[in-house]
Number of protein chains: 2
Amino acid sequence: MLKRGLGNQAAEVLRNEILSGAFQPGEQITEEALSAQLGVSRGTIRTSLQQLVHEGMVRYEPYKGNFIRPLDAHDVWEIYTLRNSLEALASRFAAQFITSSGKDQLAAALNNLQTAIKSKQQRAIVDADFALHLIIVELSQHKRLMVQYKQLENLTRLYINTLVGYRTNLEELLEEHVVLVEAISQGDPDKSELIAKEHNTVDGQFLQTQLAAD
Amino acid sequence: MLKRGLGNQAAEVLRNEILSGAFQPGEQITEEALSAQLGVSRGTIRTSLQQLVHEGMVRYEPYKGNFIRPLDAHDVWEIYTLRNSLEALASRFAAQFITSSGKDQLAAALNNLQTAIKSKQQRAIVDADFALHLIIVELSQHKRLMVQYKQLENLTRLYINTLVGYRTNLEELLEEHVVLVEAISQGDPDKSELIAKEHNTVDGQFLQTQLAAD
DNA sequence: ACATTTTTTTTTGTTGACAAAACCCCCTCA
DNA sequence: TGAGGGGGTTTTGTCAACAAAAAAAAATGT
């Protein structure tokens, strides 16, 4: 396990608070307030904030301050398309480097997703969905892809909460993941990449519909 | 123009120094040394370093220090594949949102590339190549894509210098860019994305050859 | 009453000092 | 001779104070 300074720990606390909706979008978060709240000095808070700025959850304006980044429709489009592209790439390499251990991990994650879908609890489904995709990214053996993807997952969680429903057709959702996992487990990069792209396109259309409602 | 604090300015100086090869790969860069060199306090240097860490040019280890990130073959593969994927995505959206002004910009950049190729100066060719691709990314109207791409461009420059030659067949290089710009100017997203992918695949095979020589 | 200028307050920017961890050299002892 | 342990040095981690910029509030003049 990697050692971490206070700054990193504070960043994690802050990140979780933001993800749990403790702040209003666009709200200014002053360094002194955070300093008092977390019991560390402003300098340390500053380190944490800079990290969250790089992760895209906080917007920083010189001599103005740090603000919870509000996401508009264009932001959502950006996050969505980028994530889609990275997932397709990850699926390709996951298939290319697949091992029997990797297949087991995928099967287990798929099983968890199925259980979550049966429970019909949105939070559980979203978590299992993300977990499965994260395993695919891990299997791609692409560290930079992993870093980018995790950040996009956080940003996605940020706006997914605001949507009324994640997906309507749960049967379809499961089936899409089944064929993707199959393709990766078969070690077919082209097929995996294509399916990943398609999978997300369906999601994207759903998203477009939701956004059009605004 | 956005205002920037001392920290950001120092980061830019440092970034340029690293790109110009002022440091050895893997070399530790102590905060105090930089502080003395740039005439700002350690705290400010710390801000700069953190920024470069996020850009991938510096590796940070808690309680150890900051080191010029050395790039091995796997790193190059990661950077290359990611850039490839992002360029394909950018080409798609550039074609989708193309305007007459955008076509002009592409034509001008293509012209610069042609001039550079005629000069046969590697540095000029690389610069013109990057400039053209950067315009494509700009035309995609995708801010996050732009940020990621710029970082990958820097990392690419970092290892491109170590290669003996960038490309052997200059005629082919130009032709590939011609067809890509044509596809984007025609407003054909699918075709543009496909060509961008292929273009980079050719580059990638060249890269593989170079790396195998180590 | 309104716009403008001045003053005050709030918030970020920068710095130097001190604490904690890691590193390095050297000494000891089996 | 070499493995292990101190102790001093170097380097990063954290902090609180002060400076600079921006924002808010108050005063001023028309």
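Worth knowing before you read on, the calculation uses all heavy atoms, side chains too, and leaves out hydrogens, waters and symmetry mates. Values in this document were obtained by computation on a predicted structure and should not be read as measured data. Order of the sequence lines sets the chain letters (A, B, ...), proteins ahead of strands, with each chain counted from 1.
Phosphate contact (OP1/OP2 of D:dT12, side-chain N/O of B:Arg42, threshold under 4.0 Å): absent. Here B:Gln28 reaches the OP1 or OP2 of D:dT12: one of its side-chain N or O atoms lies under 4.0 Å away. Regarding contacts with the backbone of C:dC23, a side-chain N or O of B:Lys64 is found under 4.0 angstrom from either OP1 or OP2. Remark: B:Thr47 is not in phosphate contact with C:dG13, judged by side-chain N or O atoms under 4.0 Å from OP1 or OP2.
Side chain to side chain, A:Gln28 and A:Glu61 fail the donor-acceptor criterion of an N or O pair below 3.5 Å. For the residue pair B:Gln51 and B:Glu12, no side-chain donor N or O sits within less than 3.5 Å of a side-chain acceptor on the partner.
Separating the CG atom of A:Asn66 from the C1' atom of C:dT11 is a distance of 11 Å, rounded to the nearest angstrom. If you measure from atom CD of A:Glu61 to atom P of C:dT12, you get 12 Å, rounded to the nearest angstrom. Remark: P of C:dG13 and CD1 of A:Ile45 are 14 Å apart, rounded to the nearest angstrom. The distance from atom CG of A:Leu38 to atom P of D:dC15 is 11 Å, rounded to the nearest whole Å. B:Gln9 places its CD atom 14 Å from the C1' atom of D:dA20, with the value rounded to the nearest Å. Summarising the geometry, the separation between CD on B:Gln51 and P on C:dG13 is reported as 13 Å, rounded to the nearest angstrom. The distance from atom CG of B:Leu49 to atom P of D:dT11 is 14 Å, rounded to the nearest whole Å. Atom pair A:Tyr60:OH and C:dT12:P shows a separation of 10 Å (rounding to whole Å applied).
When distances are taken from the side chain of B:Thr44 to each of D:dT14, C:dT14, C:dT12, the shortest belongs to C:dT14. With D:dT14, D:dA22, C:dT14 as the candidates, the nucleotide lying closest to the side chain of A:Ser41 is D:dT14. When distances run from any side-chain atom of B:Thr30 to the nucleotides D:dT12, C:dT15, D:dG13, the shortest one goes to D:dT12.
Residue contacts shown for B:Gly65 are limited to sugar-phosphate atoms, with no base heavy atom under 4.0 Å away.
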For this session: Apply side-chain hydrogen bond (donor to acceptor under 3.5 Å, both in side chains) to B:Tyr60 and B:Gln50, showing your working.
Result: CA-CA 8 Å; B:Tyr60 162 75; B:Gln50 204 180 337; over 6 Å; no
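With sequence neighbours left out, the side chain to side chain donor-acceptor pair (under 3.5 Å) criterion links B:Glu153 to B:Arg157. Take B:Arg69 and apply the salt bridge (charged side-chain N to carboxylate O under 4.0 Å, His left out) test, not counting sequence neighbours, and it matches no residue.
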